[in-house]
Student: 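First, the structure itself, so that you have it in front of you.
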Number of protein chains: 2
Amino acid sequence: MGRRRQSVTIKHVAAHAGVSLQTVSRVINKEPNVRPEMMQRVQESIAALGYVPSIAAQRMGGSRSYLLLALNDRDRTIADWRKREGSDWIDQMLLGGMLTCAQHGYRMIFELVDTHSDHIERELSAALAALQPDGVILTPPHSHNPMITDLLEKAGIAFARIGSLRDGGGFRLTMGDEVAARDATMHLVGLGHRRIGFIAGPTDYELSHWRVEGWRWTMETAGLSADGLLANGDFSYASGIAAAKQLIETGATAIVASNDQMALAAIAEARDCGMEVPRDLSVVSFDDTPVVRFHHPPLTAIAQPIAEVTARAAELLITTAADARDRAPVEVPARLVVRESTAAVPSDR
Amino acid sequence: MGRRRQSVTIKHVAAHAGVSLQTVSRVINKEPNVRPEMMQRVQESIAALGYVPSIAAQRMGGSRSYLLLALNDRDRTIADWRKREGSDWIDQMLLGGMLTCAQHGYRMIFELVDTHSDHIERELSAALAALQPDGVILTPPHSHNPMITDLLEKAGIAFARIGSLRDGGGFRLTMGDEVAARDATMHLVGLGHRRIGFIAGPTDYELSHWRVEGWRWTMETAGLSADGLLANGDFSYASGIAAAKQLIETGATAIVASNDQMALAAIAEARDCGMEVPRDLSVVSFDDTPVVRFHHPPLTAIAQPIAEVTARAAELLITTAADARDRAPVEVPARLVVRESTAAVPSDR
DNA sequence: ATGAAAGCGCTAACAA
DNA sequence: TTGTTAGCGCTTTCAT
């Protein structure tokens, strides 16, 4: 492999421009106290030599590393990749995160960490020690894992928590899950449905509760009973089947599912029961991953703005000073996309 | 942000173990000339203190960076992410690349670079200078871009080229495109088809030609005419529509498309012509992204082993010494997955 | 087999 | 406003 040294360093630039290292450094970091003409000269030299700072050296100098770490749950992510069910959660995170980082001269590194494992602290510490990122983006279920947030807090590393509102430091971002669930439910109410079932997500996700609350609130407000219309799921297709079975038996004419897979399962289960969607049963899903658009019929869904929320998280981490932490949560609202899996309630129901 | 220094460094370990910095360094890097008892002692200290080397510092010292860079085409990748058509090429690369890197104590960083831009050299140089990766994984169309390969060659950075067999240094890996195209075509021949159309990919992808060759060879070998049965596409849905139109007019009873989007387009176009798949037209696609399994009917497809080929690329970069370069290309074969978009040729044709 | 010294490219603290 | 000095944590020399 041999030792590969930086071909053009800050030294070369300094020599070329006839200034000190420090002046070059100041220009690179856009620090004050540099005369415009100096800055001009240095920038010309930088361009002429094609100089790019080494982030390793920058980090060693004690400043920022210009690295953001996006942390996802290892088991879930790998399982999703292997299943190839068309979820593009990760892609959308990369889209929002990488582009935003690039705009600010940062880079986003994507990493997987176990949530459940007991050596999680060691694993995370290792990643932090090795990479020394300036900030960390957390997604559920990491977002509200105290082992993780405490560690980050102690290490003094900025972090953003997507999908969590609990205490625990860092920036909090949501996609307005409760409002989204209201919108989905209202849409069905507007179509004349009175028995609207809800398939909840796993209870260890905060957003599962928010979504249930949105549904419950709308049912109450519309003067509808929610009795027997809440079924538990865990985001898996299998759990969606079971939940749908239960809801169909209860006589639901519409179902809101907390993710796409459970929504697809609900439709499949409905078919098994001889029902057709949306004629006999309306279904709304959460997430709006690509498969629901290619499904027949295309699903009415809550589209989660994953790219946008990740972009906001990155921006907060990069641009917000340490003293401005613990601000109010940022909400990037999801929106309802009406397609063909929802229709007016059958007149005989 | 404040300066955040490494909490436990090689110095602490050295002090704890009562040895010199150098001995610790030797243990970390598994170098020879360390007595087992010394090694033992040092490793205990490392474990006790929870020490993890800083890759920034390692890199500064002149050693490896333990970073691999996966380079993809910016425009195409971002366009794919935005379209949300369910392609999981990137996810599969991450799956194969990240896991393999992790096994070897490496990290994979995913980056986007413009192919067409004239400032490509600057862009790539910047990424290399900033990150100083030990190796780079190239995908089409970067794989055979001389601007990129020459730059890497000159910089002395190991690289792997997926989907290219041209000269240009580095490791070459393919997914056996020609054989895959043969398999797809043979499958159709076996079903009795004689007029088998082929929708080619863009000509600036080497693999487009390989796939055409596989089809052509099979047609010849089976004693079938290929006249008028080759249509050009560019991987886009729109181009698939046009190509399918042409092939259907020519009287093709089966079509092999060079990617999923064009295959889906072919099916849509067939429907527009009042034909049903697979009754009136059989279709085989390349890639096997998730959407084709959720499509109705599910598509018979060539499944590209992206995760595996990326894993192999990473492994080659990490484990192969510099003197073992320019070896024979590595082929990770794709395989045909038969689903419901192919059937026997109609008896009246 | 082990240790001491020098330096990687950069930034922070200080001085001028 | 600018330059000088001293590290950052690690790996390479080169001694011992």
Side-chain angles (χ1 to χ4, degrees), chain A residues 1-42 46 49-67 105 126 128-132 134, chain B residues 1-42 46 49-67 105 126 128-132 134:
Chain A
M1 205 68 49
R3 48 197 290 115
R4 229 177 339 90
R5 299 241 101 104
Q6 190 97 334
S7 50
V8 31
T9 74
I10 197 172
K11 267 189 192 163
H12 300 103
V13 177
H16 183 103
V19 298
S20 73
L21 294 184
Q22 193 45 36
T23 302
V24 178
S25 175
R26 286 191 179 105
V27 172
I28 296 168
N29 297 294
K30 300 191 180 70
E31 279 169 28
N33 298 340
V34 181
R35 275 181 311 175
E37 48 193 282
M38 276 280 111
M39 201 165 119
Q40 170 79 9
R41 217 164 79 199
V42 171
I46 288 178
L49 302 177
Y51 165 76
V52 177
S54 148
I55 69 165
Q58 289 187 136
R59 173 59 225 157
M60 287 304 299
S63 84
R64 292 179 288 185
S65 64
Y66 296 94
L67 254 31
L128 296 177
L131 262 13
Q132 316 204 157
D134 292 333
Chain B
M1 204 69 44
R3 47 200 290 118
R4 226 176 344 88
R5 303 243 95 105
Q6 192 98 333
S7 51
V8 31
T9 74
I10 197 171
K11 267 188 191 161
H12 301 103
V13 178
H16 184 104
V19 298
S20 73
L21 293 185
Q22 192 42 37
T23 304
V24 178
S25 176
R26 285 190 179 107
V27 172
I28 295 168
N29 298 294
K30 299 190 180 73
E31 279 169 27
N33 297 341
V34 181
R35 276 180 310 173
E37 48 192 281
M38 275 280 114
M39 199 164 122
Q40 170 79 9
R41 218 162 81 198
V42 171
I46 289 178
L49 301 176
Y51 165 77
V52 177
S54 148
I55 72 164
Q58 289 186 131
R59 175 61 225 156
M60 286 305 297
S63 87
R64 290 179 289 185
S65 64
Y66 297 95
L67 254 32
L128 296 178
L131 262 12
Q132 315 204 176
D134 292 333

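Values below: all heavy atoms of this structure, side chains included; hydrogens, waters and symmetry mates excluded. By convention in this document, chain letters (A, B, ...) are assigned in the order of the sequence lines, proteins followed by strands, and residues within each chain are numbered from 1.
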Student: Starting at atom CZ of Arg41(B), determine the distance to atom C1' of dG3(C), rounded to an integer number of angstrom.
Tutor: 14 Å

Student: What contact category does Gln58(A) fall into here, base, sugar-phosphate, or nothing, at under 4.0 angstrom with non-hydrogen atoms?
Tutor: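 Sugar-phosphate, no base atom in range.
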
Student: Excluding sequence neighbours, so at least two apart, what forms side-chain contact (heavy atoms from CB on, under 4.5 Å) with Ala126(A)?
Tutor: Val52(B)

Student: Could you state the CG-P distance from Leu49(B) to dG9(D), rounded to the nearest angstrom?
Tutor: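 Roughly 14 Å, once rounded to whole Å.
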
Student: So do the side chains of Leu131(B) and Ser65(B) get within less than 4.5 Å of each other, counting heavy atoms only?
Tutor: no

Student: Taking atom P of dT1(D) as reference, at what distance in whole Å does atom CZ of Arg26(A) sit?
Tutor: 10 Å

Student: Hey, are the side chains of Arg59(B) and Met60(A) touching, using non-hydrogen atoms and a 4.5 Å cut-off?
Tutor: no

Student: Starting the side chain at C-beta, find the nucleotide from dC10(D), dT12(D), dG9(C) nearest to Thr9(A).
Tutor: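 From the listed options, dG9(C) comes nearest.
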
Student: Using whole Å, what does the distance between atom P of nucleotide dT2(C) and atom CD of Gln40(B) come to?
Tutor: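 Answer to the nearest Å: 14 Å.
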
Student: Select one nucleotide: of dT2(D), dG3(D), dT2(C), the one nearest the side-chain heavy atoms of Val34(A).
Tutor: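 Closest of the options to the side chain of Val34(A): dT2(D).
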
Student: Please tell me which of the listed nucleotides, dG9(C), dC8(C), dG3(D), lies nearest to the side chain of Gln22(A)?
Tutor: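 Closest nucleotide to the Gln22(A) side chain: dG3(D).
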
Student: Is the base of dG9(D) touched by the side chain of Arg59(B) through a donor-acceptor pair closer than 3.5 angstrom?
Tutor: no

Student: When the distance from CG of Asn29(A) to C1' of dC10(C) is rounded to whole Å, what number comes out?
Tutor: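 Result: 9 Å.
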
Student: Can you check whether any acceptor in the base of dT2(C) is under 3.5 Å from a donor in the side chain of Arg35(B), or vice versa?
Tutor: no

Student: Please tell me if Ser20(B) has a side-chain N or O lying less than 4.0 Å from either OP1 or OP2 of dG3(C).
Tutor: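 Looking at the OP1 and OP2 atoms of dG3(C), one of them is under 4.0 Å from a side-chain N or O of Ser20(B).
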
Student: Out of dC10(D), dA12(C), dC10(C), which has the shortest distance to the side chain of Glu31(A)?
Tutor: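 So the side chain of Glu31(A) is nearest to dA12(C).
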
Student: Report the residue from Ile28(B), Leu21(B), Val27(B) that forms a side chain to side chain contact (heavy atoms under 4.5 Å, CB included) with Val24(B).
Tutor: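 Among Ile28(B), Leu21(B), Val27(B), the one meeting side chain to side chain contact (heavy atoms under 4.5 Å, CB included) with Val24(B) is Ile28(B).
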
Student: Start at the 5' end of DNA chain C and walk down; is the nucleotide closest to Met60(B) or to Val19(B) reached first?
Tutor: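 First, find each residue's nearest nucleotide; the 5'-ward one identifies Val19(B).
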
Student: Do you know which two heavy atoms are closest between Met38(B) and Val34(B), and how far apart they sit?
Tutor: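 Closest approach of Met38(B) to Val34(B): CB-CG1, 3.8 Å.
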
Student: Distance check: side-chain N/O of Ser25(B) vs OP1/OP2 of dT12(D), anything under 4.0 Å?
Tutor: no

Student: For dC10(D), does either OP1 or OP2 sit under 4.0 Å from a side-chain N or O belonging to Tyr66(B)?
Tutor: no

Student: Distance from Ser20(A) atom OG to Arg26(A) atom CZ, nearest 0.5 Å?
Tutor: 6.5 Å

Student: What's the NZ-P distance between Lys11(B) and dA5(C), to the nearest Å?
Tutor: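 Atom-to-atom, Lys11(B) to dA5(C), this comes out as 13 Å.
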
Student: What's the CG-C1' distance between Asn33(B) and dG3(C), to the nearest Å?
Tutor: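 Asn33(B) atom CG is separated from dG3(C) atom C1' by 13 Å.
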
Student: Kindly point out which of dC10(C), dT2(D), dG3(D) is positioned nearest to the side chain of Gln6(A)?
Tutor: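 Of the candidates, dC10(C) comes closest.
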
Student: Distance check needed: dT13(D) C1' versus Leu21(B) CG, whole Å only.
Tutor: 15 Å

Student: Determine the contact category for Pro32(A): base if any of its heavy atoms lies under 4.0 Å from a base atom, sugar-phosphate if only primed atoms, P, OP1 or OP2 are that close, otherwise nothing.
Tutor: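 Touches nothing.
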
